[in-house]
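See below for the structure under consideration.
Just so we're clear, the structure is a prediction, and the values are computed from it rather than from any experiment. By convention in this document, chain letters (A, B, ...) are assigned in the order of the sequence lines, proteins followed by strands, and residues within each chain are numbered from 1. Quick note: numbers below take in every heavy atom, side chains included, and nothing from hydrogens, waters or symmetry partners.
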Amino acid sequence: MAPPLPATFYARDALDVAADLLGALVTANGVTLRITEVEAYRFPGDTANHARMGRTPRNTPMWGPPGHAYVYLCYGLHRMLNFVTGPEGHPAAVLIRGGEPVDGIDVFRDRRPDGSCDGPGKVGAALALGTADSGLPLSVAGPVVVHPGPPPSTIRRGPRVGIDYAAEPDRLAPWRLADASSAQVGRMGWPRR
DNA sequence: AACACGATGGACT
DNA sequence: GTCCATCGTGTTA
């Protein structure tokens, strides 16, 4: 198998990294997903970014070097997986919003009985992630690893979802990207095809 | 110390 | 479409 994506892969603008992550393979706790949907959270000037108010205990991994996981608890229930991007001290990240299971299907089926993995909370569940995984590197053997994978033939772009608190123009910025031909993509919020 | 709320998902009308 | 579970986190006092 090809080596994991190196830290230099992540050391770029989050939007560029997001596009190149579509098709990549993320492995954790016995399941591998081919990434089908992502969202970029940029810096500076992105009022949807968790780091918009500065450094806090939760978002500390975002301020560290690229190529690390940022996992946080949402609504007290869902663990959301992000990949830290950009140089150290630049708190940007890509949220992994969907994936197709390509390995560990039996385990995946135990965690996602209906087979769907078309939302960030579902990705966290499918990979059995916890906040203890926040800050771990992605480019070396460990609990969470990312390998290159076959890119989509067509990328769909639309505004990010669940960020009504953000100011214009961030709220409408088309920084949500997906494999246009995958079924493991959230249905809501896309512009007309 | 109190409090409001969320980068959601599942159930239900 | 609506409702709401569930709790860590950040902000405010």
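With rounding to whole Å, A:Asp164 atom CG is found 10 Å from B:dA7 atom P. Taking atom CZ on A:Phe43 and atom C1' on B:dA7, their separation rounds to 17 Å, with Å as the unit. Counting to the nearest Å, the C1' atom of B:dT8 and the CG atom of A:Asn82 are 14 Å from each other. Separating the CZ atom of A:Arg79 from the P atom of B:dT8 is a distance of 15 Å, rounded to the nearest angstrom. In this structure, the CZ atom of A:Arg97 is 11 Å from the C1' atom of B:dG9, given to the nearest Å.
One finds a side-chain N or O of A:Thr56 lying less than 4.0 angstrom from the OP1 or OP2 phosphate oxygen of C:dG10.
Residue A:Arg112 is in sugar-phosphate contact alone, with no base atom involved, counting any heavy-atom pair closer than 4.0 Å across all strands shown.
Aromatic rings from A:Tyr41 and A:His50 are positioned such that their centres are separated by 6.0 Å or more.
Without hydrogens or angle criteria, A:Ser116 side chain to A:Arg112 main chain gives no donor-acceptor distance under 3.5 Å. Side chain of A:Asn49 to backbone of A:Asp46: no donor-acceptor contact under 3.5 angstrom is found. Panel note: side chain A:Thr32, backbone A:Asp103; no donor-acceptor pair is recorded below 3.5 Å. Looking at A:Tyr10, its side chain never comes within 3.5 Å of a backbone N or O of A:Val84 through a donor-acceptor pair.
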Stepwise side-chain hydrogen bond (donor to acceptor under 3.5 Å, both in side chains) test for A:Asp179 and A:Thr36: CA-CA 5 Å; A:Asp179 177 345; A:Thr36 57; over 6 Å; no
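Relative to the side chain of A:Met53, the nucleotides B:dA7, B:dG9, C:dT11 differ in distance, and C:dT11 lies closest.
Of the residues in residues 165-191 of chain A, those lying under 4.0 Å from DNA chain B by heavy-atom distance are A:Tyr165.
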Restricting to nitrogen or oxygen on both sides, can you table the protein-nucleotides 3-8 of chain C pairs closer than 3.5 Å?
| residue | atom | partner | partner atom | Å |
| --- | --- | --- | --- | --- |
| C:dT6 | O2 | A:Tyr75 | O | 2.3 |

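Checked options A:Val17, A:Val146, A:Val38; the residue passing with A:Phe83 is A:Val146 (criterion: side chain to side chain contact (heavy atoms under 4.5 Å, CB included)). Each of A:Leu5, A:Leu25, A:Leu21, A:Asp20 was evaluated against A:Pro148; a single residue qualifies, A:Leu5, per the side chain to side chain contact (heavy atoms under 4.5 Å, CB included) test.
Remark: C:dT12 base-pairs with B:dA1. Criterion, Watson-Crick or G-U wobble with two distances under 3.5 Å.
A cation-pi arrangement is not found for A:Arg157 relative to A:Trp175, the charged atom failing to lie both closer than 6.0 Å to the ring centre and inside a 45° cone about the ring normal.
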